[in-house]
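In what follows, every heavy atom counts, from backbone to side chain, and hydrogens, waters and symmetry copies are set aside. Protein chains get the first letters and strands the later ones, always in sequence-line order, with residue 1 at the start of each.
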Amino acid sequence: MFWIRSFRLKMIMAVAKWGVTRKSWWNLSAPTPRVRFIWVTAEVPPSADTLCRILSFCGHQVVREFYVNDAGLQIRMLGESIWARMKQKENPNFVFPENGYHGDYILDLADTIAKEIDLSSKNPDEAVALCAQDGKEMMLTEIQRALDRFRINFDVWSSEEDLHASGLLDQTLDSIQAKGHLYDREGAVWIKTSQFGDDKDRVIRKSDGQYTYFASDIAYHLEKHRRGFTKAINIWGADHHGYVPRVKAALLSHGIPENWLSVLLIQLVKLWENGQELRMSKRAGSFVTLQELLDEVGVDAARFVFLTKSHDSPLDVDMDLIKKQDSDNPVYYVQYAHARICSIIRKAASEGIAVLDHIDGISEKLALKEEMAIIRTMSEFPALLEDISKTLEAHRLTYYLTHLAASFHRYFNMGLKNSELRVVTEDKTLTQARLILVSGVKIVIANGLRLLGVSAPEKM
RNA sequence: GCGCCUGUAGCUCAGUUGGAUAGAGCAGCGGACUUCUAAUCCGCAGGCCGCAGGUUCGAAUCCUGCCAGGCGCGCCA
């Protein structure tokens, strides 16, 4: 989950027609504001995106949705924070809101907005509202820009505010009411989630008439289910794990089975620099931005590195280490295998030997135990992807590709000592057989890297 | 106090239905480039798999209890 206190940006992938259309593997061969993604959650977009890619690859229809919590207090607080920073330029004693957002990005937003709009004639309420609206739009723009750079695309951007405006919330409330799961207490409206596995009942509408955040979430999920999605996958920061039972309980109260919704909880990343831990406070923090990470190591390396750990395992990241990792990142190991194979294919072509589209009659030429190892590993690819579609553990793909690349590199190096063990040899039939083998590896690696959102260079 | 997650090599992490001598990368040491790309390969060294019990023919994996760290327990978002 991206989490900037003013926003809670929920990424929801809903998978429709779970398991209906399956493709066969064999058909597959074929000083402006900077982005303020907090590091603790920067790993979410790559792993979620890869998961989507794998699910699609396996034949599922996937809709990627980015849900923005832009209703109510949070946005107003954003506006007040920006406004306060503006006022402080001329009056350092201007009071900063108690629960305001302290990050430096607020200063940037304040500067930018101050240049664009003259707020001096506005009364405070109007000014705050304008700051809130502009600040929100600017942050969303930044997020979108960063996602583009990260090669991540969402099909749908939905807003909590729109959810309110559409009347869906009232509708949802009625529907829960009709099922007899609501009651009033001390002026608030409660939902009986405790009857469906939650610790206690929850407030859905506060005594001041405002809906809670939870209310929007219920409406949101029910709407997803109503529209026919057979599976929903939410990706949240691990600090929200306590929230899962109540959402599931609310869904269960509408007869939606517990396993309809999967929530992946991404553990927090601890960041180290110069031997010191950088505490990533949600609102006061020294942010390390996603932009900086991308500048430092590049998109390929950044995406790969986030997918080398299981999502429920915490990761310590040493900035000094990741900065020098640009030449040393495991992604290059896999990419290099791909580039090397391309080089072999070019070499063969220069000698007039093309890659055949079948291996009939020459497959027995492949007899080395290293060749068998490669074939065995390649054959595991489809099952691996199916497994990942079920377990939602995308990190296994990086380990698989590293393993496959290793089996190729080992094979390749034999040819350095003994020219008879090269792919391109004097024996044309043997060469053709080995060409098919390595171009198979090339295809699997290219597919795997594409699923990771990583490029597969032909030369390095 | 209660709940969830984590604890595996010096460091970062894999280890998915319980199965043979527990793996990889980085860091360390020693080797391999007149050759299809050395961003590679080969070898050495490095482990009471947090601790203690239990289940099992067999446990890093399952159960219980501890210890340590992270996170969460509002008419907050």
Side-chain angles (χ1 to χ4, degrees), chain A residues 3-8 40 69 71-75 77 99 160 185-190 199-217 237-246 265-270 272 282-283 305 308-318 321-322 324-337 339-348 350-351 384 387-388 390-391 393 395-396 398-400 402-403 405-406 408-419 421-425 431 434-435 438 457-460:
Chain A
W3 177 276
I4 299 170
R5 193 177 157 91
S6 54
F7 280 75
R8 185 170 121 169
V40 294
N69 287 99
L73 268 178
Q74 316 162 70
I75 290 294
M77 190 55 75
N99 294 315
E160 186 183 3
R185 197 174 78 197
E186 294 165 19
V189 181
W190 298 66
D199 294 340
K200 49 185 163 185
D201 293 344
R202 307 288 173 178
V203 170
I204 212 172
R205 190 174 200 169
K206 295 182 276 183
S207 52
D208 66 3
Q210 295 281 315
Y211 288 109
T212 60
Y213 178 42
F214 183 43
S216 314
D217 273 3
D239 51 344
H240 291 75
H241 67 260
Y243 201 76
V244 177
R246 78 184 70 169
L265 297 169
I266 308 287
Q267 294 295 321
L268 305 181
V269 172
K270 267 199 281 184
W272 299 76
K282 283 170 186 168
R283 51 193 184 128
V305 91
T308 54
K309 61 182 277 297
S310 129
H311 61 77
D312 59 0
S313 147
L315 175 69
D316 282 3
V317 175
D318 184 333
L321 205 90
I322 206 165
K324 78 175 189 192
Q325 239 191 0
D326 52 359
S327 61
D328 187 56
N329 190 292
V331 72
Y332 297 104
Y333 185 83
V334 177
Q335 290 180 315
Y336 188 52
R340 266 182 156 176
I341 294 170
C342 290
S343 174
I344 293 172
I345 292 171
R346 284 193 298 270
K347 166 81 175 172
S350 76
E351 297 187 9
L384 173 79
D387 267 11
I388 293 174
K390 291 192 187 89
T391 62
E393 293 182 320
H395 73 281
R396 292 173 60 189
T398 56
Y399 285 90
Y400 170 81
T402 303
H403 179 64
F408 166 76
H409 284 310
R410 196 172 303 126
Y411 178 57
F412 179 92
N413 268 270
M414 294 195 307
L416 296 177
K417 282 200 171 147
N418 182 348
S419 62
L421 296 178
R422 292 192 203 170
V423 173
V424 181
T425 64
T431 300
R434 288 180 175 169
L435 266 182
V438 297
E458 305 209 334
K459 290 179 181 173
M460 284 177 78

Contact class for [X] (heavy atom, under 4.0 Å): base, sugar-phosphate, or nothing?
X: Ser419(A); result: nothing
X: Gln335(A); result: nothing
X: Arg410(A); result: sugar-phosphate
X: His409(A); result: sugar-phosphate
X: Arg185(A); result: base
X: Lys206(A); result: base

Consider the side chain of [X], meaning its heavy atoms from C-beta on, and name the nucleotide among [options] that approaches it most closely.
X: Tyr332(A); options: C75(B), U16(B), A39(B); result: A39(B)
X: Lys200(A); options: G74(B), U40(B), A38(B); result: G74(B)
X: Met460(A); options: U40(B), A39(B), C36(B); result: A39(B)
X: Thr391(A); options: U16(B), A32(B), G3(B); result: U16(B)
X: Arg422(A); options: A14(B), A38(B), C36(B); result: C36(B)
X: Asn413(A); options: C71(B), U35(B), U40(B); result: U40(B)
X: Tyr399(A); options: A14(B), C75(B), U40(B); result: A14(B)
X: Ala188(A); options: C75(B), A14(B), C36(B); result: C75(B)

Are the side chains of Arg422(A) and Lys347(A) in touch, meaning some heavy atoms are under 4.5 Å apart?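 No, every pair of side-chain atoms sits at 4.5 Å or beyond.
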
Is there a side-chain contact between Val305(A) and Val331(A) (heavy atoms, below 4.5 Å)?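 Contact flag for Val305(A)/Val331(A) side chains = no.
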
In whole angstrom, give me the gap between the [atom1] atoms of [N] and [M].
N: C57(B); M: A20(B); atom1: C1'; value: 14 Å
N: G25(B); M: A9(B); atom1: C1'; value: 12 Å
N: C13(B); M: G18(B); atom1: P; value: 26 Å
N: U55(B); M: C62(B); atom1: C1'; value: 8 Å
N: A60(B); M: C51(B); atom1: C1'; value: 14 Å
N: C48(B); M: G70(B); atom1: C1'; value: 26 Å
N: U35(B); M: C41(B); atom1: C1'; value: 14 Å
N: U56(B); M: C63(B); atom1: C1'; value: 12 Å

Locate the shortest heavy-atom distance separating [X] from [Y]; write the atom from each residue and the value.
X: Cys342(A); Y: Glu458(A); answer: CB-O, 3.5 Å
X: Thr398(A); Y: Thr308(A); answer: OG1-CA, 3.8 Å
X: Arg202(A); Y: Asp199(A); answer: NH2-CB, 4.2 Å
X: Ser207(A); Y: Glu186(A); answer: CB-O, 3.9 Å
X: Tyr243(A); Y: Phe214(A); answer: OH-CA, 3.1 Å

Quickly work out the [X] [atom1] to [N] [atom2] distance and round it to whole Å.
X: Lys417(A); N: A32(B); atom1: NZ; atom2: C1'; result: 5 Å
X: Tyr400(A); N: A24(B); atom1: OH; atom2: P; result: 18 Å
X: Ile345(A); N: C36(B); atom1: CD1; atom2: P; result: 16 Å
X: Phe408(A); N: A39(B); atom1: CZ; atom2: P; result: 13 Å
X: Lys309(A); N: A14(B); atom1: NZ; atom2: P; result: 7 Å
X: Tyr411(A); N: C36(B); atom1: OH; atom2: C1'; result: 11 Å
X: Ile204(A); N: G74(B); atom1: CD1; atom2: P; result: 17 Å
X: His403(A); N: G15(B); atom1: NE2; atom2: C1'; result: 13 Å

Any donor-acceptor pair, under 3.5 Å, between the side chain of [X] and the base of [N], if you only look at N and O atoms?
X: Gln210(A); N: C75(B); result: no
X: Thr308(A); N: C13(B); result: no
X: His241(A); N: G3(B); result: yes

Which residues share a side chain to side chain donor-acceptor pair (under 3.5 Å) with Thr425(A), sequence neighbours left out: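 Checked Thr425(A) against side chain to side chain donor-acceptor pair (under 3.5 Å); matches are Thr431(A).
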
For RNA chain B, what is the dot-bracket line, given that a base pair needs Watson-Crick (N1 to N3, plus N6-O4 or O6-N4) or G-U wobble (N1-O2 and O6-N3) geometry with both distances under 3.5 Å, and | means paired with another strand? (((((((..((((.....[...)))).(((((.......))))).....(((((..]....))))))))))))....

His409(A) side chain vs Tyr333(A) backbone, donor-acceptor pair below 3.5 Å: yes

What is the ring orientation for Phe408(A) with Phe412(A), classed by angle as parallel under 30°, tilted 30 to 60°, or perpendicular over 60°? tilted

Tell me whether His403(A) at atom NE2 has more than 12 heavy atoms from other residues, nucleotides or ligands lying less than 6.0 Å away.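 No, the 6.0 Å shell around NE2 holds no more than 12 heavy atoms from other groups.
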
Going by a 90° cut-off around 0, is C41(B) syn or anti? anti

Please check the phosphate of [N] (OP1 and OP2 only) for any side-chain N or O of [X] closer than 4.0 Å.
X: Tyr333(A); N: C41(B); result: yes
X: His395(A); N: G15(B); result: yes
X: Arg340(A); N: C36(B); result: no

Between Ala405(A) and Arg246(A), which is nearer to the 5' end of RNA chain B once each is assigned its nearest nucleotide?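 First, find each residue's nearest nucleotide; the 5'-ward one identifies Ala405(A).
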
First of Glu458(A) and Arg396(A) reached from the 5' end of RNA chain B, by closest nucleotide: Arg396(A)

